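None of these values were measured; they are calculated from a predicted model. Note that ligands are numbered from 1 as they come in the structure, with each ligand's atoms numbered from 1 the same way. By convention here, the first residue in the shown sequence is residue 1.
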Amino acid sequence: MPKKTRIGISACLLGKRTRYDGRYKGDRHVTGLFGRSVLWVPICPEVECGLPVPREPLRLSRTARGTRLVTKHTGIDHTVRIRAWIKKKIRELKKSLPDGFILKSGSPSCGLRLPGGRGIFAGALRSAFPDTPFIDEKKMRIPCSRRKFMKAVGRAVR
Ligand code: SF4
């Protein structure tokens with residue numbers, strides 16, 4: 001049997017209710033493209049580092065001390081907590097690296113293309129795995145970006 005492609009994916013895109021407000025954000029367009037022959041590796045940095053659902057939304061704050069991940073209204077700083085988790089997660093992923101990652105756009109944790117940079121998890125992941133293909137669900141809707149990603153992870157191009 002051919003080896004299944006393994007894709008790391010923001011857990012909310014798979015339909016897991018990990019968002020700050022618990023809302024469903026599954027993306028059937030993305031998951032449907034791969035059919036059954038893919039092994040999804042869901043990852044939610046905010047929930048896996050110990051934050052609850054629901055929770056106050058987070059934002060990035062660029063400071064002299066570097067980028068901080070803080071709660072949007074009350075300013076609670078979760079940077080140390082999430083960075084400790086990211087370090088552990090990257091060690092784990094190095095042992096069993098997915099063929100590519102599809103991350104949720106616009107998130108201060110998972111976003112690959114935010115004004116001023118990347119989400120705190122997305123940025124660390126890209127630096128740790130520079131040769132691994134990355135994309136977000138919005139770019140998966142752009143045919144040439146989607147084809148490039150699917151080719152890079154060894155899938156039939158659609
Ligand atoms: S965008 Fe990332 S951090 Fe936010 S709910 Fe989805 S997986 Fe979790």
Quiz prompt | Heavy-atom closest contact (R17 atom, V53 atom, distance) | solution = O-CG1, 3.6 Å

Practice problem: Without swapping roles, check the side chain of R81 against the backbone of C49 for a donor-acceptor pair under 3.5 Å. | Solution: yes

Self-check item: R65 atom CZ, over 12 foreign heavy atoms within 6.0 Å
Solution: no

Quiz prompt | Over all atoms of both residues, closest heavy-atom pair of E46 and P108 | solution = OE2-CG, 4.2 Å

Quiz item: With sequence neighbours left out, what residues match F101 under ring pair (Phe, Tyr, Trp, His ring centres under 6.0 Å)?
Solution: F134

Quiz prompt | Sidechain-backbone polar pair: E56 side chain, T74 backbone, donor-acceptor under 3.5 Å | solution = yes

Exercise. For atom 2 (Fe) of ligand 1, state how many protein N, O or S atoms fall inside a distance shorter than 2.8 Å.
Key: 1

